[in-house]
2 protein chains.
Amino acid sequence: MRPAGQLDVRRHNSALLLAAVTANPGCSRAGLAAMTGLAKATVSSLVDHLVAGGLVAETGPVERTGRGRTGTGLALSATGPHGVGVAVGVDHVTACLVDPLGGVRARRVRSGDNRGRAPEQVLAVVTRVVRSLAGQGVPVGGVGVAVPGLVRGGVLLSAPNLDWSEVDIALDVGVPVTVANEANAAALAELRPDGPRDYVLVSGEVGVGAGIVRDGALLTGVHGFAGELGHLCVDPTGPRCGCGARGCLETYAGTAALPTRQAAANGDPEALSALESAGTRLGQALSGLVNLLDIPTIVLGGDHARLAPWLFGPLRAELARRVIGARWSPPTVVASTLGREAAALGVARAAVDHIRADPDSYLRGAGQAL
Amino acid sequence: MRPAGQLDVRRHNSALLLAAVTANPGCSRAGLAAMTGLAKATVSSLVDHLVAGGLVAETGPVERTGRGRTGTGLALSATGPHGVGVAVGVDHVTACLVDPLGGVRARRVRSGDNRGRAPEQVLAVVTRVVRSLAGQGVPVGGVGVAVPGLVRGGVLLSAPNLDWSEVDIALDVGVPVTVANEANAAALAELRPDGPRDYVLVSGEVGVGAGIVRDGALLTGVHGFAGELGHLCVDPTGPRCGCGARGCLETYAGTAALPTRQAAANGDPEALSALESAGTRLGQALSGLVNLLDIPTIVLGGDHARLAPWLFGPLRAELARRVIGARWSPPTVVASTLGREAAALGVARAAVDHIRADPDSYLRGAGQAL
DNA sequence: CAGTATTCGTTCAGTCGCTGAACTTAAATC
DNA sequence: GATTTAAGTTCAGCGACTGAACGAATACTG
């Protein structure tokens, strides 16, 4: 804990107002005062700062019924700090630029097999793509990089699918760079202002990862390794997994064990049987997760989203059978609609979260680089 | 989020100082200023309030080497608010009174089979025990009740081992009552100022529960159901469990599946084989937990603590085999030394946590009841 | 033993941020 | 055009922290 002073009060209230503006675009200063409980004078003072710093913009007079002076509409500034997100996959580098509202403003995709390629080489591509997106004429407040492996601090400790280890993801761009695991990044992409704030995203991309979101924040674990769902044991006598152990979920529900969507749609019996098995095993593993964490919403992403229609049945059956709290609040299972862009999108939004969380410091720092 | 004002600053800094005093008993005001970063004037003002409110006491001049005026030692007041904790078990009601430092000052145990007994009857016993402990002449700041079942809010939704359901744990005592799951309560008892702040307590009492502590706080889940380790599936073709599913950890590592300590010490082959199996299955389930949450310390409690010498081997072997992050930070497994009192102790300490977390509000409320 | 150096704790003016009330501005209604 | 209602601004006041100055207490020094 740090000592607190009046500056912290201002920080807190600035963030509070920015969040209120985000949630209620077009509202007036008076409306904000009513919503937040702050005095009108305080709102005026803080909003003026946010407007001066380019985070909030006045959108013109607000529509009202009845008499009285019309308020000035406020909304997130479209020219505020944008986020750049880059996802490094085994066969692609996908990037996007998101505006302050979280919408995608530009995209870049560089195809090519990164497996075994030198990290420096790939990071040079990443840097070029970031620079290209940052040159769009909008301010960039942060850059995020999603990688398929174990991340600690800004270092990718191990990425079996890329055959990388101990790679320091340090880009030479003038803004903060955040590094995240791919599943965690994809999980953050599902976090929407009006959506659930507690869920697990299951990300089927080569391995099986999970991003666990509790009250809008990622559960990262002590070292940042959390979410390794793929190596939950679902059958101690099962087949040997790449990790050395037996019966990991990945051997049943990883990409290698899944059929194509085409084969499933054709009703291929082998495909359907594989999906039945994958769904059941996923359900078994996720029941364990739900029993442990009491997080009642499951979002299927990646390959599992594409195959969701065939996975839902066995998955839900297994959840109903095994989740202890199901009687009081049955878990819900849905499929992500974000597609391949999820990881880049999530990490792009996360890259500017520090500004959302503490706009006052950002404004004081005046650190609009790039 | 709420709007913040100067009051919140004071709240925060009061809590900061109380925490510093707790961690450094006997320190002076000047020392606190150096530790916390607050100005001496602020420390004086806040400490005076804490002393006036009975939370902190001056312990006399502090020993110092070198010249200069000697400071006045400060420490948690031994006459500050105490906590009362009661654990309701299947065959006992165990209670204790803890002082502000967390030490046990008095105990009560009422033996007797609560299984199937009317909840009102048992709660009457609980109330009597609480009143008895509260009548010790020390102020009581909160009461906690630990129960073996699913808890939401102050309601025990379901306790299969007691055959209770939907019981509102509302005691007529003049202080706040907190209700917690037994495993969670036992987990909180392991939380010590100088100990780890991230761990999982596995509580083997009839069922198998877990209390997950992350950064000193319990992970309760969305509804408060988190920690149901006992029904993690460790073998989909295993024996049927009381919950209806197959292969739950509880059927391998629950009390019913464990031998007595005596049998194990005697080297009984059947007992040893049961322990080998229980240890392996525990390791399998806990590997999943560690992979999911990246919480690298496991504390065995209850029956598992008593049988720990026989469980450690297979448990650690399984963890080494299955935990993905083990290469960078191998999990550690230890046994709890708290014994049967753990749940009552943990919930007693938790019952006064609201005062620790916000002493200023407590003092303003002047709510020293009982 | 007196003087000095050093540290503890308090006092006080100063600053900063929030507040409530008064005031100004602006739009709708009569 | 007057009136009513609401938005936004101005301003004195308050509470909390700060830094410097001060008084108090102790140990060292000659």
Side-chain angles (χ1 to χ4, degrees), chain A residues 1-17 21 24 26-52 56 58-74 358-361 363-364, chain B residues 1-17 21 24 26-52 56 58-74 358-361 363-364:
Chain A
M1 280 216 289
R2 303 178 314 98
Q6 282 102 315
L7 273 174
D8 298 283
V9 174
R10 200 162 177 83
R11 259 203 274 279
H12 178 97
N13 288 336
S14 292
L16 176 66
L17 279 176
V21 169
N24 304 73
C27 62
S28 67
R29 287 167 172 79
L32 286 174
M35 285 189 291
T36 60
L38 290 164
K40 283 198 298 174
T42 312
V43 172
S44 273
S45 159
L46 290 172
V47 165
D48 286 352
H49 276 257
L50 294 174
V51 170
V56 168
E58 304 196 330
T59 58
V62 60
E63 308 280 314
R64 269 190 47 261
T65 56
R67 52 183 117 190
R69 173 175 168 180
T70 54
T72 324
L74 299 167
D358 184 2
D360 199 51
S361 296
L363 296 179
R364 277 175 209 280
Chain B
M1 280 215 289
R2 303 180 313 98
Q6 283 102 314
L7 274 174
D8 298 282
V9 174
R10 201 162 177 83
R11 260 203 275 278
H12 178 98
N13 289 336
S14 292
L16 176 66
L17 279 176
V21 169
N24 304 74
C27 62
S28 66
R29 287 167 173 77
L32 286 174
M35 286 189 291
T36 59
L38 290 164
K40 283 196 297 174
T42 311
V43 172
S44 274
S45 160
L46 290 171
V47 165
D48 286 352
H49 276 257
L50 293 174
V51 170
V56 168
E58 304 196 329
T59 58
V62 60
E63 308 280 314
R64 269 189 49 261
T65 57
R67 55 182 113 191
R69 174 176 166 180
T70 53
T72 324
L74 299 167
D358 185 2
D360 199 51
S361 297
L363 296 179
R364 277 175 209 279

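These values consider heavy atoms only, across backbone and side chains, with no hydrogens, waters or symmetry-generated copies. So you know, we letter chains A, B, ... as the sequences are listed, proteins then strands, and number each from 1.
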Side-chain N or O of B:Ser44 less than 4.0 angstrom from OP1 or OP2 on C:dG9? no
Between A:Ser14 and A:Leu46, the two heavy atoms sitting closest are OG-CD2, 3.5 Å
Students often get this wrong, so: under 4.0 angstrom with heavy atoms, is A:Ala30 touching a base, only sugar-phosphate, or nothing? sugar-phosphate
Rounded to the nearest Å, what distance is computed from the NZ atom of residue B:Lys40 to the C1' atom of nucleotide D:dA21? 10 Å
To the nearest Å, how far apart are B:Leu7 CG and C:dG17 C1'? 13 Å
Examine the base of C:dT25 for any acceptor or donor lying under 3.5 Å from a partner atom in the side chain of A:Arg69, and report the outcome as yes or no. yes
Using atom CG of B:Leu16 as one end and atom P of D:dC17 as the other, report the distance to the nearest whole Å. 11 Å
Per nearest nucleotide of DNA chain D, the residue lying toward the 5' end, A:Gly73 or A:Pro3, is A:Gly73
Quick check: on DNA chain D, is the nucleotide nearest A:Gly31 upstream (toward 5') of the one nearest B:Arg67, or the reverse? Name the residue that is more 5'. A:Gly31
Roughly how many Å is it from CG in A:Asp8 to C1' in D:dT18, rounded to a whole number? 14 Å
Ranking A:Leu38 and A:Gly68 by the position along DNA chain C of their nearest nucleotide, the one closer to 5' is A:Leu38
Is there a donor-acceptor pair under 3.5 Å between the side chain of A:Thr42 and the backbone N or O of A:Leu38? no
Within this structure, what is the CG-to-P distance between B:Asp360 and D:dC17, rounded to whole angstrom? 9 Å
How many Å lie between CE on B:Met35 and P on C:dC8, as a whole number? 12 Å
So, are A:Arg29 and A:Asp48 salt-bridged, with charged N and O less than 4.0 Å apart? yes
Closest to the B:Asp48 side chain, choosing from C:dT10, D:dA16, D:dG19: C:dT10
CG of B:Leu17 versus P of C:dG9: gap in Å, rounded? 13 Å
Confirm from the modelled atom types if B:Gln6 and D:dG15 form a donor-acceptor pair under 3.5 Å, side chain to base only. yes
With sugar-phosphate meaning primed atoms plus P, OP1 and OP2, does B:Thr42 contact a base, only sugar-phosphate, or nothing at under 4.0 Å between heavy atoms? base
Tell me whether the OP1 or OP2 atom of C:dC8 has a side-chain N or O from B:Thr72 closer than 4.0 Å. no
Using distance alone, with no hydrogens and no angle criterion, decide if A:Arg10 and A:Ser45 have a side-chain donor and acceptor under 3.5 Å apart. yes
Touch check for A:Ser45, heavy atoms < 4.0 angstrom, all strands: base, sugar-phosphate only, or nothing? nothing
Please give, in whole Å, the distance from D:dA7 P to A:Leu74 CG? 13 Å
